Amino acid sequence: MSATVPDRVDAVVVGAGPVGCALALLLGARGRSVLVVERHVGPYPLPRAVHFDDEAARILQACSLGPDLPGLSEPATTYEWRNGDGVPLLRFETSTEGRQGWPSANMFNQPDLEARLLDRVETTEGLSLLWGHTVVDAGQHGDGAWVEIEPAGGGTRQRVSGSYVVGCDGANSTIRDLLGVDLDDRGFYFDWLVVDVALHEPRVFDPPNLQVCDPSRPTTVVSGGPGRRRWEFMCLPGETLETLDEQAAAWAFLEPWDVHPSNATMVRHAGYRFRARWATRWHDGRIFLAGDAAHQTPPFAGQGMCAGLRDAANLAWKLDYALGHPHATALLDTYDNERIPQAAAVIEVATELGRVICIPDEEEARARDDQMAPLVPPGGSTPAPPMPAISDGILTDSAGAGELFIQATVRVGDAVGRLDDVVGAGWHLVTSGDPRELDGELATWFESVGGRSVAIGTTVEDIEGRYGQWFVDHGVTAVLERPDFAIYGTAATHGEVGALVSRLRNQLEASQDAGCSAIAGHLL
Ligand SMILES: Cc1cc2nc3c(=O)[nH]c(=O)nc-3n(C[C@H](O)[C@H](O)[C@H](O)COP(=O)(O)OP(=O)(O)OC[C@H]3O[C@@H](n4cnc5c(N)ncnc54)[C@H](O)[C@@H]3O)c2cc1C
């Protein structure tokens, strides 16, 4: 199970949770060498996250997990919030065909997903996974960084070096502490009892995903992935998690839902304090933070792991570029500029949702109901809060820049499938028709950074017409999509496509010499 320690790797990743594994796989897919160091001696067996969105699914697709996702997850359709009398306060409808080519909400069991990720890490060339070693120190020098590792149970410490170190070591991150990074804490925290069960027989829950905003016991009732259910019960004022977090108490909470030992197996019960906070800096030179090490969110938007996967997708292509262009430090600075405001905005949304349900006071709950219930259209749905765009970093000021592009099904020759699988992941220059713009040197440069031209309607057939519709809706003829699916920029006419790619080239090349302000400011 354990790897030998390579002399030096491109990146040392601390922590084999979903974010560390995803980052390793995204770097491995680019031919980079990675050592993942994990303090536990084997996989963490207990469920935590139960939801990921379509963007996260596309990132997992880039980690080569696409074929596994339908078996690992089930699409969510309705997510309803009701008061104590069953009156709807919010009703989110999600689509089985999300914008990134996957269902927009997917329910799953985190250990099952992690098992696939770990399996890929252990079988991908260039990646090694060292179990049972705790990172106890870290540092950096001119052209590299290092961590000091200690074997489980004690023994000789050892130093491991890489060009970069990334702390994906969870909420109590050692790497964050070693960097001396502060947390911006919104002060919104509550204790909840989390109970996961495996049902002996399939059962229909209507609605399938529910928040019971009952001040006498705020409760979450959602899918926990195929064959599983998740309940969460808020700890009320005057109670302690220690008294709630008992097997008998957990079964008693499940009784009103007709769930008991004769029809379900309890997978776990655990007390959990959720928080809303993020690190104020996400890197220092060659040492980075990602995932829960960088941010923690209340669970009501199901976004903690999703945000961590976004970190991995953002960081992977930048580290890859910096490994090939050793002075691209300003490019690496954009990791903080792009990710911190976006993650903070998502945490704010989750916190606002938390303010709806975490109300144990009857009067306050009545005031909330009076305000919210009339806004739910009968039989209709509440628009989901839009995913915040990137507003500063590697992007232009053209239409749609910073937002996520789409992924749809295409045909190239005999190959039919999602775009990333058919043409490959990376920078995509998606054009309506073939603009024949990228000739000679610029085309060679674009290919050298992993760019691919996707000429919709000529070499690439837009089977569902979704790309064509997107171009019409946005009044453009071309999109330059980043490897993390954000839009770098758009071109209104075919004549502007070359200039768009040149602009990217200038911006990336400037990142090798100039400071962050040049890359994030003047060139936009
Ligand atoms: C009850 C609950 C519900 C949730 N629901 C959702 C949801 O629906 N959707 C969602 O997206 N997210 C959800 N989350 C959040 C999600 O589980 C986390 O965001 C995710 O697990 C974070 O992944 P990570 O890889 O960053 O960190 P972790 O999963 O915490 O992994 C960190 C790893 O680093 C290792 N490590 C730590 N320190 C060291 C060290 N010094 N040396 C070596 N290794 C080290 C740890 O052992 C661990 O394996 C939920 C969380 C909880 C608790």
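Counting starts at 1 for both ligands and their atoms, following the listed order. Being a predicted model, the structure only gives us computed values, none of them experimental. Numbering starts at 1 and runs along the sequence shown.
From the protein, the heavy atom lying nearest to atom 40 (C) of ligand 1 is V135 N, 3.8 Å. From the protein, the heavy atom lying nearest to atom 2 (C) of ligand 1 is R48 O, 3.8 Å. The protein atom (non-hydrogen) at minimum distance from atom 37 (C) of ligand 1 is D169 O, 3.2 Å. Ranking the protein heavy atoms by distance from atom 34 (O) of ligand 1 puts G15 CA, 3.2 Å first. For atom 5 (N) of ligand 1, the closest non-hydrogen atom of the protein is A49 CA, 3.3 Å. Given atom 25 (O) of ligand 1, the protein heavy atom at minimum distance is V19 N, 3.1 Å. Scanning the protein heavy atoms around atom 49 (O) of ligand 1, the nearest turns out to be E38 OE1, 2.7 Å. If you check which protein heavy atom lies closest to atom 31 (O) of ligand 1, you get G17 CA, 3.5 Å.
The N/O atoms of G291, backbone and side chain alike, include none that comes under 3.5 Å of an N/O atom in ligand 1. For ligand 1, the polar-atom distance check finds no N/O of A293 at less than 3.5 Å from any of the ligand's N/O atoms. On a distance-only criterion, H51 and ligand 1 share at least one N/O pair closer than 3.5 Å. Checked by distance only, ligand 1 and E114 stay at 3.5 Å or farther apart across all their nitrogen or oxygen atoms. Between P299 and ligand 1, no pair of N/O atoms sits closer than 3.5 Å. Taking distance alone, with nitrogen or oxygen atoms compared against 3.5 Å, G304 approaches ligand 1 more closely than that limit. Polar contact check, A171 against ligand 1: no nitrogen or oxygen pair lies under 3.5 Å apart.
Of all the atoms in ligand 1, the ones that sit under 4.0 Å from a non-hydrogen atom of H40 are 47 (O). Using a 4.0 Å cut-off to heavy atoms of G302, the atoms of ligand 1 that qualify are 7 (C), 8 (O), 9 (N), 10 (C), 11 (O). For ligand 1, the atoms sitting less than 4.0 Å from at least one non-hydrogen atom of C306 are 11 (O), numbered in the order shown with element in parentheses. Close approach of ligand 1 to P18 (heavy-atom distance below 4.0 Å) involves ligand atoms 21 (O), 23 (O), 25 (O), 29 (O). The distance from ligand 1 to the heavy atoms of G170 drops below 4.0 Å at these ligand atoms: 27 (O), 30 (O), 32 (C). Within the listing of ligand 1, atoms 1 (C) sit less than 4.0 angstrom from a heavy atom of V194.
R230 counts as a contact of ligand 1, since one of its heavy atoms falls under 4.0 Å from the ligand. Under a 4.0 angstrom heavy-atom cut-off, H133 registers as being in contact with ligand 1. No heavy atom of G308 sits closer than 4.0 Å to any atom of ligand 1. F52 does not count as a contact of ligand 1, since none of its heavy atoms falls under 4.0 Å from the ligand.
Between the side chains of N209 and H51, no donor-acceptor pair of N or O atoms lies under 3.5 Å. Residues Q342 and R339 bring a donor and an acceptor atom of their side chains to less than 3.5 Å of each other. In this model, a donor atom of one side chain and an acceptor atom of the other lie less than 3.5 Å apart for W131 and E122. Between Q296 and R273, the side chains place no donor N or O within less than 3.5 Å of an acceptor N or O (distance only, hydrogens not considered).
Checked for salt-bridge contact, D320 and K318 miss the test: no charged N lies under 4.0 Å from a carboxylate O. With respect to the salt-bridge test (charged N to carboxylate O, under 4.0 angstrom), the residues E352 and R355 qualify. A salt bridge links D484 with R482: at least one charged nitrogen is closer than 4.0 Å to a carboxylate oxygen. Between R310 and E338, no side-chain nitrogen of the basic residue sits less than 4.0 Å from a carboxylate oxygen of the acidic one, so the salt-bridge criterion is not met.
The parts of M305 lying near ligand 1 are both backbone and side chain, judged by heavy-atom distances below 4.0 Å. Contacts of C168 with ligand 1, taken as heavy-atom pairs under 4.0 Å, involve the backbone alone. Under 4.0 Å from ligand 1, not a single heavy atom of I175 appears. Here Q303 has backbone heavy atoms under 4.0 Å from ligand 1, and that is the only part of it that gets that close. When non-hydrogen atoms are compared, ligand 1 lies under 4.0 Å from the side chain of T174 (C-beta onward) but not from its backbone. Residue-level proximity to ligand 1 for D292 is carried by backbone and side chain together, each with a heavy atom below 4.0 angstrom.
Taking 4.5 Å as the limit, some side-chain heavy atom of L332 sits within range of a side-chain heavy atom of Y164. Within the 4.5 Å cutoff, the side chain of Q100 has no heavy atoms near those of the D53 side chain. V160 has its side chain within reach of L35: a pair of non-hydrogen atoms, C-beta onward, lies under 4.5 Å apart.
Atom CZ in R230 sits 8.5 Å away from atom CG in N109 (nearest 0.5 Å).
Remark: W102 pairs with no residue by the ring pair (Phe, Tyr, Trp, His ring centres under 6.0 Å) rule, at least two apart or across chains.
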Indicate every side-chain donor-acceptor pair of residues 64-72 with a distance under 3.5 Å to a residue at least two apart or in another chain.
{"residue": "S64", "atom": "OG", "partner": "R120", "partner atom": "NE", "Å": "3.3"}
{"residue": "D68", "atom": "OD1", "partner": "R116", "partner atom": "NH1", "Å": "2.9"}
{"residue": "D68", "atom": "OD2", "partner": "R120", "partner atom": "NH2", "Å": "2.5"}

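A donor-acceptor distance shorter than 3.5 angstrom exists from the side chain of R286 to the backbone of S163, with no hydrogens or angles considered. Side chain of D185 to backbone of R277: no donor-acceptor contact under 3.5 angstrom is found.
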Candidate pair L26 and I59, rule side-chain contact (heavy atoms from CB on, under 4.5 Å), full reasoning: CA-CA 9 Å; L26 294 172; I59 296 167; 4.2 Å; yes

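Among R39, E232, M107, Q110, the residue whose heavy atom lies nearest to atom 44 (N) of ligand 1 is R39.
For the ring-ring contact (aromatic ring centres under 6.0 Å, His included) test with W192, the passing option among F300, Y272, W231 is F300; the others fail.
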